[in-house]
Engineer: 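Please read through the structure below; I'll follow up with questions.
Throughout, protein chains are lettered first and strands after them, A, B, ... in sequence-line order, and every chain is numbered starting at 1. Quantities reported herein were computed from a predicted structural model and do not represent experimental measurements.
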Amino acid sequence: MSLAGERAHPEIIENIKKEMGIDKGFIRQYAGYLKLLLQGNFGTSYYTNRDVLKDITAKFPNTIVLAFAAMLIAVPAGTALGFMAAYRKDGFIDKCVNAVSLAGLSIPVFWSAIMIMLLLSLKLKLFPPSGTGDARFLVLPALVLSIPAAATLARITRITVLDILRMPYINTAKAKGLSSLNISAVHVLKNAIIPIVTIIGLDFGSYLNGAVVTETIFGWDGLGRFTMDGIIKRDYPVILGCVITGTVVFVLVNLITDIAYHFLDPRIRLDAGKN
Amino acid sequence: MPEKIKSPESGNNLKLLLPAGIIMFLFVISIVAPFLSIYAPNKIDLDSIKESPGMNHPFGTDSKGRDVFSRVIYGAKTSIGVAVAAAFVSAFIGFFVGIVSGYFGGRLDTVLMSATDFILSFPSLLLAIAISVVLPPGIYTVMIAISTVSWTSFARLIRGHVLTLRDMPFVDAARAVGCGDLRILLLHIAPLCVPLGLIMMGIKMGGFVLTEATLSFLGLGAQPPAPTWGSMISANRAYVLTEPWMVIFPGLAIFITALCFNMAGESLKDRLGATGDRL
């Protein structure tokens, strides 16, 4: 309705309906969409009439850059906090890390985005508040996006490392007289990597989720903002295209994580299911 | 010195009761709000537009002169209510799928678990957004969206638990005295899964509050002028530089509520011990 305007001639409305195919039944519309999809065609936007796939491929790299920048912050920060907390179990640092990570999990991304923008760019003028461009534009959205991911990672790392520290081989290593640095680097870190990599992979969905809000607020021209634009205008081909792309990426990342296991720990066989 | 064995109860009650108490308090206040002497949440007062926090308006007023404090109070009803309702709905679906799938196994199990995997293969918020876009916006849509996305974790947890229970002697005993499948499921297995389901609800609730807030921030939740924390933030985003209180207070409300739910969830998780670590 909004496409034709409020006082459009009934004939024009009929024409638009025919063009969009919504004069046909639900099943036939769905089948039509699937057919387009199999041909690698996401349809065209209702509003701009542009090819949705083309827009997505243009914006997608920006989102990937943002997600990796966020990972670059979240992974070192999260694992370091988790390790520190595990080594000082029940101590002051452990309690602090616990509090910080719980807070990080509870903070709404859209709110922290606005607050960080207010503080770091509008008041302190350290970074540009919004836009797409070089690394300076990337810092704030990546920071916001990394908060919940770092919190999750810190918690998982802590539990994993605690489990490992309880293992008999750690005692053996201590009894052999190895230095604590050696034990941490070789015995603990190596065994902790698998669960940590799992979480990084599984948590990739949270970057995609967070990107919708973060990109919108910081004006980063990626898939998330494109989704948001589609939602506001109820531009269904755009929304569907973005959701499908996000899902495909999410599944692919999980697949890559599974494959990475094999290289990190040769004991895990990729063909284990066949036996 | 030998390590002191801590009973799971000691010192943990406060960690559970304090956040739970805060949430109850917020919720009760928002229910009885019409009887308190605060401003009506949607009362537009053009004489007091954008007033900074003070005696009359503890959290200030927004661009239409509405009292931010009373809007935050009224908003608690939606935010907490939707999270709790979504938790019940997703727990119910997940519980049903979990016990049926775990108990009967076989082809039914394969079908139900494939459905679970199918849902889990979507980034959760994107799927919730896609659902909310198709349905008319409102709190029921938010509930449906959150439940559709999150029943899966309940189903997997309960299924795993049923798989261990199924082979217990008491189930064999029940079958030996002639109980049917339905009776065994409802009276022998389901009651033993309830505590686990309730704990999972506690753990998930913080995330549900955040999802509800995000969806209403995106304009997919309760429609204006209904006061919800997410929509208050999105509506007043433009004023954040000059009148930050319009955005700070609703955000703090979301943060505190989610934090309380997460703290309560964590102390529930601690009670489970090693099982809890995997949740």
Engineer: Quick one: of Ala130(B), Gly206(B), Ser132(B), Ala213(B), who has the most non-hydrogen atom pairs under 4.5 Å with chain A?
Structural biologist: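 Going by pairs under 4.5 Å, I would pick Ala213(B).
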Engineer: Does the side chain of Asn209(A) come within less than 4.5 Å of Leu126(B)'s, by heavy atoms?
Structural biologist: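 Touching, per the 4.5 Å side-chain cut-off.
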Engineer: Quick check: do Val247(B) and Met115(A) have side-chain heavy atoms less than 4.5 Å from each other?
Structural biologist: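 Touching, per the 4.5 Å side-chain cut-off.
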Engineer: Determine whether Leu220(B) and Ile231(A) make a side-chain contact, defined as any pair of heavy atoms from C-beta on separated by less than 4.5 Å.
Structural biologist: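 Yes, close enough: below the 4.5 Å cut-off.
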Engineer: Show the nearest heavy-atom pair for residues Pro108(A) and Ile254(B), with the distance to one decimal.
Structural biologist: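 Heavy atoms of Pro108(A) and Ile254(B) come nearest at CG-CG2, 3.6 Å.
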Engineer: How about Arg88(A): does its CZ atom have over 12 heavy atoms from other parts shown lying under 6.0 Å from it?
Structural biologist: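 For Arg88(A), atom CZ is not crowded (no more than 12 foreign heavy atoms under 6.0 Å).
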Engineer: Roughly how far, to the nearest 0.5 Å, is CG of Leu127(B) from OG1 of Thr247(A)?
Structural biologist: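 Between Thr247(A) OG1 and Leu127(B) CG, I get 7.5 Å after rounding to 0.5 Å.
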Engineer: With only heavy atoms counted, which part of Tyr236(A) is less than 4.5 Å from chain B, the side chain, the backbone, both or neither?
Structural biologist: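 Looking at Tyr236(A), just its side chain touches chain B.
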Engineer: Please output the residues of residues 91-103 of chain A in contact with chain B, using a heavy-atom cutoff of under 4.5 Å, in numerical order.
Structural biologist: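 Residues Asn98(A), Leu102(A), Ala103(A) are the ones that qualify, each having a heavy atom under 4.5 Å from chain B.
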Engineer: Do you know which of Trp229(B), Phe261(B), Phe122(B) has the most heavy-atom pairs with chain A at a distance under 4.5 angstrom?
Structural biologist: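 Option with the top pair count is Phe122(B).
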Engineer: Under a 3.5 Å distance rule, please check whether Arg234(A) uses its side chain to pair with a backbone N or O of Val133(B) as donor and acceptor.
Structural biologist: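 Yes; at least one donor-acceptor contact below 3.5 Å.
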Engineer: Do Phe110(A) and Leu210(B) come within less than 4.5 Å of each other through their side chains, counting heavy atoms only?
Structural biologist: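 Not touching, per the 4.5 Å side-chain cut-off.
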Engineer: With a 4.5 angstrom heavy-atom cut-off, could you sort out which part of Ile129(B) is near chain A: side chain, backbone, both or neither?
Structural biologist: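 When you check distances to chain A, only side chain atoms of Ile129(B) fall under 4.5 Å.
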Engineer: Counting heavy-atom pairs under 4.5 Å with chain B, which one of Asn254(A), Ile244(A), Leu105(A), Val248(A) comes out on top?
Structural biologist: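 Counting heavy-atom pairs under 4.5 Å, the top option is Leu105(A).
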Engineer: Testing the basics here: between Trp111(A) and Ile233(B), what is the closest heavy-atom pair and its distance to 0.1 Å?
Structural biologist: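 Trp111(A) and Ile233(B) have their closest heavy atoms at CD1-CD1, 3.7 Å.
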Engineer: Need one label for Leu120(B): side chain, backbone, both or neither, based on atoms under 4.5 Å from any heavy atom in chain A.
Structural biologist: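 Only the backbone of Leu120(B) comes within 4.5 Å of chain A.
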Engineer: Measure the spacing between OG of Ser112(A) and CZ of Phe255(B) and express it to the nearest 0.5 Å.
Structural biologist: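 Here the rounded value is 10.0 Å.
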Engineer: Which of the residues Val212(A), Val109(A), Ile232(A), Ile114(A) is involved in the greatest number of heavy-atom pairs with chain B at under 4.5 angstrom?
Structural biologist: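 Result: the option with the highest number of such pairs is Ile114(A).
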Engineer: Do Met117(A) and Arg237(B) touch side chain to side chain, with heavy atoms closer than 4.5 Å?
Structural biologist: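 Of all side-chain heavy-atom pairs linking Arg237(B) with Met117(A), none is under 4.5 Å.
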Engineer: What residue, out of Ser124(B), Gly219(B), Pro250(B), Ser234(B), has the most heavy-atom pairs lying under 4.5 Å from chain A?
Structural biologist: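 Ranked by heavy-atom pairs under 4.5 Å with chain A, first place is Ser124(B).
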Engineer: Under 4.5 Å, counting heavy-atom pairs only, tell me which of Gly230(B), Pro244(B), Pro123(B) racks up the most with chain A.
Structural biologist: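 Of the candidates given, the most pairs with chain A belong to Pro123(B).
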